[in-house]
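A short worksheet on the structure shown next.
What you see below is based on every heavy atom in this structure, not just the backbone, and it leaves out hydrogens, waters and symmetry mates. When a ligand or atom number is given, it counts from 1 through the structure's own listing order. The residues of the chain are indexed from 1 along the displayed sequence.
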Amino acid sequence: MRVLIVGGGGREHTLAWKLAQSPLLDKLYCAPGNPGIGKVAECVDIAADDIENLKKWALEKRIDLTIVGPEAPLVQGLADSFRDAGLKVFGPGKDGARLEGSKVWSKRKMKEWGIPSAAFAVFDDFEDARSHLARFYGGPVVIKAEGLAAGKGVTVASGPAEAEQALYDIMIERKFGDAGDRVIIEQCLSGEEVSVLAITDGKDLVFMPSSQDHKAIFEGDKGPNTGGMGAYSPAPIYTEDLARKTEEQVFWPLLNGFNSMGIDFRGVIYAGLMISEGKINVLEYNVRFGDPEAQALIPRLKSDLLPLLDAAAGGDLGSMQAEWREDPAVCVVMASKGYPGSYEKGLPIKGIEELEQEGDGRVAVFHAGTAMKDGRLVTNGGRVLGVTAWDDDLRKALDRVYDACSKIKFDGAYYRKDIAHRALKRM
Ligand code: AMP
Ligand code: GLY
């Protein structure tokens, strides 16, 4: 098969790394890719949201399967445009991608379909939103920009002043552009978060093991939210009982809801859950693999990924199954100093090749924000690398991953030292 991956971050590198191992693969391309991806696939210099040129190129190259990594091109209709041209795509059309692209639509559908989720109210006027805050005074509330904001449009405000500031930033300062046309003010839930992902062809579901992301920039889950600072899998809080409830309360009602609307969803459904005393609430749905969850999940997949994605894209997942390793995996994100605020780019990165040569195959370095400059690997984004290791228990995997991180150097390299702290507490 001739396969195209759309995207160029850590998640796409992980997908490329795994797909490159498939005996069914003839040729792997990635648009736009990154220097890490370039080692296992041919990078194509077309942006992930340049739908027309991607389609033209995919038709010319007779691509058998296109796998879309990030949400933006899905929300913009990449899958519809490709399917209209007779190309097979792993990723939902515009209709299904609204689940992530519009937080308001998503919250309303959850309510309509009886999916457990926090109480909420929607506003398109700053003053209305501000006066509504009064109702929540005294307790924490969550403020969310309506549209896509690269995982940064949500503020968990500890009190009214912070909540008002978040409303101001979104609606008046327009910090997230058009994503600030509407806001959601949401009840703040407490508990422990888990990410649960499933591959679907719109009819059947293949579940991946649980994983847990670390969104805050600082240790102890302090500071502003980022795209994700690290992840591990499995998450011990996610028991078999919770898995059964999640399938019943979170996944099937969604799929049935989609079907009732004629939405043929082929791709990943990612449910971000809050678990408290055995009760499940959905914080959000995403319509793609998580980043960095994918970096912790995909290395645990023992069976071939390609037939699974191909079957989902083709609408014939049937009773297909995935085989997972018992070994836990941990991904630690190495970020640029200053992220999620402003940061410098173009700083040389050292140590990756040596690490890859000396290892026993249980460490993988996935590139996110990297670039080549004058023949040297340099930083090119906030999240620079996702370093993943796996081993027969979590502690060993953690030792392995932090040992690897300590060997990779760039100026101002920052990473959290407490990834998987919740799992360790439960051990
Ligand atoms: P979202 O993009 O909606 O998942 O929100 C990003 C992060 O904000 C989540 O992973 C949570 O850490 C936090 N969050 C979102 N909604 C809530 C909520 N209702 N209560 C508490 N935390 C939340
Ligand atoms: N890790 C969070 C996300 O992918 O949305």
### Summary
The protein residues that pass the under-4.0 Å heavy-atom test against ligand 2 are Asp213, Lys215, Gly227, Tyr270, Asn286, Arg288, Gly290, Asp291, Pro292, Glu293

### Task
Check ring pair (Phe, Tyr, Trp, His ring centres under 6.0 Å) between Tyr29 and all other residues, then give those that pass, not counting sequence neighbours.
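Counting only residues at least two positions away or on another chain, Tyr29 forms a ring pair (Phe, Tyr, Trp, His ring centres under 6.0 Å) with Trp57.
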
### Task
Could you please spell out the steps behind the side chain to side chain donor-acceptor pair (under 3.5 Å) verdict for Glu146 and Ser102?
CA-CA 6 Å; Glu146 146 74 349; Ser102 167; 2.7 Å; yes

## Note on the structure
One finds that the ligand 1 atoms under 4.0 Å from a non-hydrogen atom of Asn225 are 7 (C), 8 (O)

### Message
List ligand 1 atoms under 4.0 Å from Glu284, heavy atoms only on the residue side.
### Response
1 (P), 2 (O), 3 (O), 4 (O)

### Query
Looking at residues at least two apart in the chain, or sitting in another chain, which of them share a salt bridge (Lys or Arg N to Asp or Glu O under 4.0 Å) with Glu356?
none

### Query
Considering residues at least two apart in sequence or located in another chain, which fulfil the salt bridge (Lys or Arg N to Asp or Glu O under 4.0 Å) criterion with Glu219?
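Glu219 satisfies salt bridge (Lys or Arg N to Asp or Glu O under 4.0 Å) with no other residue.
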
### Task
Give me the one residue out of Leu19, Thr14, Thr388 that meets side chain to side chain contact (heavy atoms under 4.5 Å, CB included) with Ile298.
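The passing option is Thr14.
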
### Message
Does the residue Cys188 have a heavy-atom contact with ligand 1, meaning some pair of atoms that are separated by less than 4.0 Å?
### Response
yes

### Message
Under 3.5 Å between any N/O of Val154 and any N/O of ligand 1: does that happen in this structure?
### Response
no

### Message
I'd like the name of whichever of Lys107, Glu100, Gln187, Lys144 reaches closest to atom 16 (N) of ligand 1 through any heavy atom.
### Response
Lys144

### Query
Considering Lys215, His214, Lys103, Glu193, which one's heavy-atom position lies nearest to atom 12 (O) of ligand 1?
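Considering heavy atoms of Lys215, His214, Lys103, Glu193, the nearest to atom 12 (O) of ligand 1 sits in Glu193.
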
### Query
Mind checking whether Trp252 and Leu205 have side chains closer than 4.5 Å, heavy atoms only?
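In short, these two side chains touch, coming nearer than 4.5 Å.
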
### Query
Side chains of Lys215 and Met229: closer than 4.5 Å at any heavy-atom pair?
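Not in contact.
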
### Query
When you look for heavy atoms under 4.0 Å from ligand 1, do you find them on the side chain of Val142, its backbone, both, or neither?
side chain

### Query
Charged N to carboxylate O under 4.0 angstrom, Lys107 versus Glu186?
yes

### Task
Specify whether Tyr232 and His214 have parallel, tilted or perpendicular ring planes, treating 30° as the upper limit for parallel and 60° as the lower limit for perpendicular.
tilted

